[in-house]
Amino acid sequence: MARDPLADAAPLVRRVYSYVAYRLGDGPDAEDVTSDVFERAVRYRSSFDGRRGDVLPWLLGIARRCVADAAAARVPIPTDDLGDRADPSPLEDDALRRLELRAAVERLDPRARELVALRYGADLTARQIAELLNERTNTIEVALHRALRRLEEILGEPETVAPGHVAGREHAQPS
Amino acid sequence: MSPFWQRRQETDLERRLRSERPDAPDRLVRMLAARSRAGDRRLAPRLAVVAAVTAVMLVALGAVGTVGYAGTAMLSFDSSVRDMVRLSSKNVSKPKPSSASRSKPNAGKSVAGDPAQASPWQHQYHQKYPICHNGNTLYLPLPGYTAHLLHGDQPGVCP
């Protein structure tokens, strides 16, 4: 009998949620979409074929469609004057840094944001991303490198990148 | 695992993207993990119910089918006995099986000499019996054989 792809679902939920939150922003929308992903995964679990790939890329394939559906149905909320109404209470530095990073990721173009979400949210390797998006690994590595450069510019902080390194070349890091 | 010459240190930004990535609330993780397990468990009772219903239906229909078959055989047997009793009461001699009647071919149908000796199976599958009608030997199924007997024909092959 085939192995159950959702036998150990907790780490998969965390990975999928991180991906979705990088794409849509942290919060209820990301939770709803993650729930939707796992609902579909449970429904179609019998169609999963372990010989064709890992569970996570399969889930992220579902997640990409769910994110696209959610993004299409989403009504944009104007954020121009939110600064005046922000809670004046002091936030922890850590929380501020997280908010700053997420705001920077949100300013990336959709393609770069997708790659960052897959690479650093879901912890996929560049090769896995290439298989998922049906592209060449080298193309993904270069695109990820550009996305990081752009993110650095947005954050306005100098980022030291080792010469000759290409983002996403190594395998997934443990979360 | 990448070869050592391809390994590199992550940049600060990459480390930051990993360490500060949005994390799923614990309640969401627990809920979805439980739902995934529940979805898996739901399959087993469904299969068990299907198997149980199938087994019950097989046993029930098998038993009814067997009884029905046996009932049909008993009715056939009863009908044959009644015919024989009626024939005996009219002093019609019983047909005697002969080697000639058994061995005579009849269009692929099996032939027996004495209906009284025939089993319900033979009646059901139209066993034919020899009877002498106007000097010609006919091989007839039980209803026709009985009707000819009642009209005075002699059982068995013609002399």
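Fair warning: this is a prediction, and the values are worked out from it, not measured in the lab. Below, read A as the first sequence line, B as the second, and so on, with proteins coming before strands; counting in each chain starts at 1.
For Phe38(A), the part lying under 4.5 angstrom from a heavy atom of chain B is the side chain only. Only the side chain of Val105(A) has a heavy atom closer than 4.5 Å to any heavy atom of chain B. With a 4.5 angstrom heavy-atom cutoff, Arg15(B) does not touch chain A via any of its atoms. Within the 4.5 angstrom heavy-atom criterion, only side-chain atoms of Val116(A), from C-beta onward, approach chain B. With a threshold of 4.5 angstrom between heavy atoms, Arg102(A) approaches chain B through side-chain atoms but not through N, CA, C or O.
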- Query: Does the pair Glu31(A) and Arg27(B) meet the rule for a side chain to side chain contact (heavy atoms under 4.5 Å, CB included), with working shown?
  - Reply: CA-CA 10 Å; Glu31(A) 291 183 23; Arg27(B) 58 172 174 71; 3.0 Å; yes
- Task: Please test Val13(A) against Met31(B) for side chain to side chain contact (heavy atoms under 4.5 Å, CB included), starting from the C-alpha separation and ending with a verdict.
- Result: CA-CA 10 Å; Val13(A) 172; Met31(B) 182 187 75; over 6 Å; no
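Heavy-atom minimum distance, Ala33(B) versus Ala9(A): CA-CB, 3.9 Å. The minimum heavy-atom distance linking Ser36(B) with Val42(A) is given by the pair CA-CG2, 3.9 Å. For the residue pair Arg21(B) and Gly121(A), the shortest heavy atom distance occurs at NH1-O, 3.4 Å.
Atom CZ of Arg52(A) has 12 or fewer heavy atoms from other residues, nucleotides or ligands within 6.0 Å.
Considering CZ of Arg35(B) and OG of Ser35(A), their distance stands at 6.0 Å, rounded to 0.5 Å. Distance check: Leu13(B) CG to Tyr120(A) OH gives 7.5 Å after rounding to the nearest 0.5 Å. Rounding to the nearest 0.5 Å gives a distance of 5.0 Å between CG of Asp26(B) and CZ of Arg14(A). Rounded to the nearest 0.5 angstrom, Thr11(B) OG1 and Leu151(A) CG are separated by 9.5 Å. Rounding to the nearest 0.5 Å places CZ of Arg16(B) at 10.0 Å from CZ of Arg98(A).
Heavy-atom pairs under 4.5 Å with chain A peak, among Leu28(B), Val29(B), Leu17(B), at Leu17(B). With respect to chain B, the highest number of heavy-atom pairs below 4.5 Å among Ala21(A), Gly25(A), Pro11(A), Ser18(A) belongs to Ser18(A).
Val49(B) and Leu58(B) fall into different hydrophobic clusters, where Ile, Leu, Val, Met, Phe, Trp and Tyr residues are linked whenever their side-chain heavy atoms come under 4.5 Å apart, directly or through other members.
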